[in-house]
Enquirer: 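Encoded as structure tokens, here's the structure I'll be asking about.
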Amino acid sequence: MPGETPGAKLPSPWKDFLGEIDKALEKPLEIHCIGGFALVYYYGIPRTTGDIDYYTVVPADLNLEEIAGHDSDLHRRYKIYLHRVTVATLPEEYEERLSEMASGQFERLRLLVPDPYDYILSKLQRAGLKDSDDALYLFRSRKLQSEILRERYHRELRDYLIGPLEQHDQTLERWIEIFESAG
């Protein structure tokens, strides 16, 4: 299970910032969080972050960048902001496996986080050093299984990736080798 303690409250300024967004909403909104914020406050990775990276919002008809993006009034007040990630691909059925963080802390706002396998796979296309470090942390801390990761990659992600598929295949296998040797 993910690292969130049931009933755990987000610390300030995160709770205050998100509370302002919640108050501004006229209808329910889901934010699919995929960056450092979710890793820190849901999965417990020991680092800091200054934004909330998200993959998508549901419904998608709200301009979150204007409300809470970089250089918005909320950003200036709280020194944090929302950022839509454009270089990420998640597995086809990731939405069925989302978990809620900060459950019950907001009236209309729901923060959703991919399961650890989907999270790792979302890092694969970019595959920078921080991405592989995050993936290693999730793999080891959640005691994940290489075969599940491989299967999900081939069944739900590989056909949607941009660029040479052999390169993505090799990255996944290199990561799995690192994951298994580090354990």
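These figures come from a predicted structure and were not determined experimentally.
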Enquirer: If only atom types and distance count, is the side chain of Ser132 paired as donor or acceptor with the main-chain N or O of Leu129 below 3.5 Å?
Expert: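 Side chain of Ser132 to backbone of Leu129, a donor-acceptor pair under 3.5 Å: yes, one is there.
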Enquirer: List the atom of Tyr153, the atom of Leu124, and the distance in Å for their closest heavy-atom pair.
Expert: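 Distance-wise, the nearest heavy atoms are CE1-CD2, 3.4 Å.
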Enquirer: Can any side-chain N or O of Lys15 pair as donor or acceptor with the backbone N or O of Gln105 at less than 3.5 Å?
Expert: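 Judged by distance alone, yes, a pair lies under 3.5 Å.
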Enquirer: Between Arg84 and Thr86, is there a side-chain heavy-atom distance shorter than 4.5 Å?
Expert: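 They are in side-chain contact.
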Enquirer: Return the set of residues passing ring pair (Phe, Tyr, Trp, His ring centres under 6.0 Å) with His32 (not counting sequence neighbours), or none when no residue passes.
Expert: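 Here the qualifying residues are Tyr94.
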Enquirer: Give a yes-or-no answer on whether the side chains of Ser146 and Glu180 include a donor-acceptor pair shorter than 3.5 Å.
Expert: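 Per modelled atom types, Ser146 and Glu180 side chains form a pair under 3.5 Å.
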Enquirer: Given 3.5 Å as the limit, does a donor-acceptor pair link the side chain of Lys143 with the main chain of Arg140, or not?
Expert: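 Answer holds: no.
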Enquirer: Tell me if a side-chain donor or acceptor on Tyr119 pairs with a main-chain N or O of Asp134 at a distance below 3.5 Å.
Expert: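 No, because the side chain of Tyr119 does not come within donor-acceptor range (under 3.5 Å) of the backbone of Asp134.
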Enquirer: So does Asp169 get a backbone contact from the side chain of Arg174, meaning a donor-acceptor N/O pair under 3.5 Å?
Expert: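 No; judged by distance alone, with no hydrogens or angles, the pair does not exist.
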Enquirer: Not counting sequence neighbours, list each pair that qualifies as a ring-ring contact (aromatic ring centres under 6.0 Å, His included) and has a residue in residues 99-118.
Expert: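 Listed by first then second residue: nothing to list.
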Enquirer: Taking all non-hydrogen atoms of both residues, which atom of Ser122 and which atom of Leu90 are closest, and how far apart?
Expert: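 Nearest heavy atoms, Ser122 then Leu90: CB-CG, 3.8 Å.
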Enquirer: Can you find a heavy atom in the side chain of Leu111 that is under 4.5 Å from one in the side chain of Tyr42?
Expert: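 Answer no - side chains too far apart.
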Enquirer: Which residues satisfy the side chain to side chain donor-acceptor pair (under 3.5 Å) test with Arg108, sequence neighbours excluded?
Expert: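 Per chain and number, Arg108 pairs via side chain to side chain donor-acceptor pair (under 3.5 Å) with no residue.
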Enquirer: Tell me, with the steps shown, if Asp71 and Tyr81 meet side-chain hydrogen bond (donor to acceptor under 3.5 Å, both in side chains).
Expert: CA-CA 8 Å; Asp71 285 335; Tyr81 61 96; over 6 Å; no
Enquirer: Salt-bridged, Glu93 to Arg152, with N to O below 4.0 Å?
Expert: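 No, no charged N to carboxylate O under 4.0 Å.
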